Amino acid sequence: MADEYTGPEPDLAALLAARPALSMNAREGLSFESVPLNAIADKYGTPVWVYGAGSIQARFNALRAAFGAENLPVHIHYAVKANDHLAILSLFHRLGAGADVVSIGEFLRARRVGVRAAEIVYSGVGKATAELEAALAQGIGQINVESAEELDMLSGIASRMGVVAPVVLRMNPDVDAGTHAKITTGLAENKFGIAAADIPALYARAATLPGIKPRGIALHIGSQILSTEPYAKAYAKATDMVRNLRGQGLSVEVLDLGGGLGIGYHDEPGLNLAAFAATVRREVGDLRVKLLLEPGRYLVGPAGLLLASVILQKRTEKRFVVLDAAMNELMRPALYEAWHGILPVDPALFHGAATPADVVGPICESADCFAQDRALPDLPPGTRVALLDTGAYGAVMSSAYNARPRAASVLVSGGQAQLITPRQTPEDLWADEILPG
Ligand code: LLP
């Protein structure tokens, strides 16, 4: 994010060195999980999203191992919003993850690849009646309720259906996660969760409501968190809350720790998993609750990149590198001033002398800019660049703005690339539009 990294801008070699899935070969150029990106671009065109199954698996296993080392059983529910492609969801399902969803669409995507409804957690400040009905009808495992109003609404729906909704109350711990204002969620001023002061009475009331079974507490303080400090503060508050509720004679079986685990977008390390697991153990390890985690970005962010071609370099008083990818594909720089590494794929260019350039897309908005004054070599038309760490909140946030057909996506697995989303055609863009007679 714009306001959190204060180190110097890493050069291309440093960006590469910090990313084990990438390698630069003098003959084949930049490869991702051993597959040359030029080969992918030649075969599938650009812009194209490239995801690595090996990276996803390695990151999932690292997270699980960190908790294993603390001897702390934790249920990982992948936050589907980060990347909801069926191929990605299927990978997580096979690795043994549950799902964290925020809409019935995400719920059905997870179901589509075989995730059991009981392994799905449903979060969000506004779940529509039809969505709650559908989730309850299928036997959803957990609904994270975010307000007194929603609790009453859910009680009405569940009792009408003759079912009991497994409810967890999302507490707003009023802790500053120290991230970008647009992705912090755990402050009192944010729309998320229920004020800690209101939880005890609401939890007690939930226990008396028809169609509701309160099972525990959830919290999620924000995204792209790089230090354990805000987690420690929030989890300490959660522990106090669980003890307080139990002191009132209420049963608490679940503590949902949320997600937010940050990654290094430059060449800095991401959240230290060992330190994070140790923090969880220290703050909540003695509670005898079922622990849930809802990570998204950590698991898929570095496991994906956006491969684009240079259309042209335009020189005014500045140098503009105009790509065939734009803000409609990757919104994060325009929306959050997010910084993404950009690497040339061609080995000769990679080692060329770097001068400042603005890297932009073809869309008619000044915000359609991926990088400003970025030190990059000469990038002649037709050469390719990789926009790094775009596996999370990349394709899921894209649009067809400026009538730009959706980019293709490819999954690399075991040294092979496989098409998992075909590129849209212009005709696809209006295929479901109705011309009034
Ligand atoms: N659980 C809840 C309740 C959430 O709201 C979120 C993310 C997550 C889990 C997963 O968070 P993660 O582990 O991925 O940080 N579009 C923004 C990020 C928005 C995150 C929204 N909530 C971005 O591109 O940075």
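When a ligand or atom number is given, it counts from 1 through the structure's own listing order. In this text, all values refer to a predicted model and were calculated from it rather than measured experimentally.
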Does the residue [X] have a heavy-atom contact with ligand 1, meaning some pair of atoms that are separated by less than 4.0 Å?
X    : result
A82  : no
Y298 : no
M397 : yes

If you take the nearest heavy atom of each of E294, R170, Q224, which one is closest to atom 1 (N) of ligand 1?
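Selected option, by shortest heavy-atom distance: E294.
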Give the single entry among S123, G124, G260, G301 that approaches atom 12 (P) of ligand 1 most closely by any heavy atom.
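Result: the heavy atom closest to atom 12 (P) of ligand 1 is in G260.
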Just which atoms of ligand 1 are under 4.0 Å from any heavy atom in [X]?
X    : result
P295 : 13 (O)
G296 : 12 (P), 13 (O), 14 (O)
A79  : 10 (C)

Side chain to side chain, D389 and P302, heavy atoms closer than 4.5 Å
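They are in side-chain contact.
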Sub-4.5 Å side-chain heavy-atom contact between P405 and D428:
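Sidechains of D428 and P405: no contact.
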Restricting to side-chain contact (heavy atoms from CB on, under 4.5 Å), what partner residues turn up for K233, sequence neighbours left out?
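So K233 forms a side-chain contact (heavy atoms from CB on, under 4.5 Å) with V175.
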Could I get the full list of side-chain contact (heavy atoms from CB on, under 4.5 Å) partners for A392, not counting sequence neighbours?
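Listed in chain order: A82, R297, V300.
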Please work out whether any backbone atom (N, CA, C, O) or any side-chain heavy atom from C-beta onward of [X] is under 4.0 Å from ligand 1, and answer side chain, backbone, both or neither.
X    : answer
D100 : side chain
H220 : side chain
R297 : both
F192 : neither

Once the angle between the rings of Y51 and W49 is folded into 0 to 90°, is it parallel (under 30°), tilted (30 to 60°) or perpendicular (over 60°)?
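Parallel, since the angle between the ring planes stays under 30°.
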Please say whether more than 12 non-hydrogen atoms of neighbouring residues, nucleotides or ligands are located less than 6.0 Å from CD in Q248.
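Atom CD in Q248 is packed in, count exceeds 12.
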Look at the side chain of R170 and the backbone N and O of H220, then say whether any donor-acceptor pair between them is shorter than 3.5 Å.
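Looks like yes, one N/O pair under 3.5 Å.
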Show, in sequence, the C-alpha distance, side-chain angles and deciding distance for Y231 and F276, and conclude whether the ring-ring contact (aromatic ring centres under 6.0 Å, His included) test is met.
CA-CA 8 Å; Y231 283 118; F276 177 64; 4.7 Å; yes
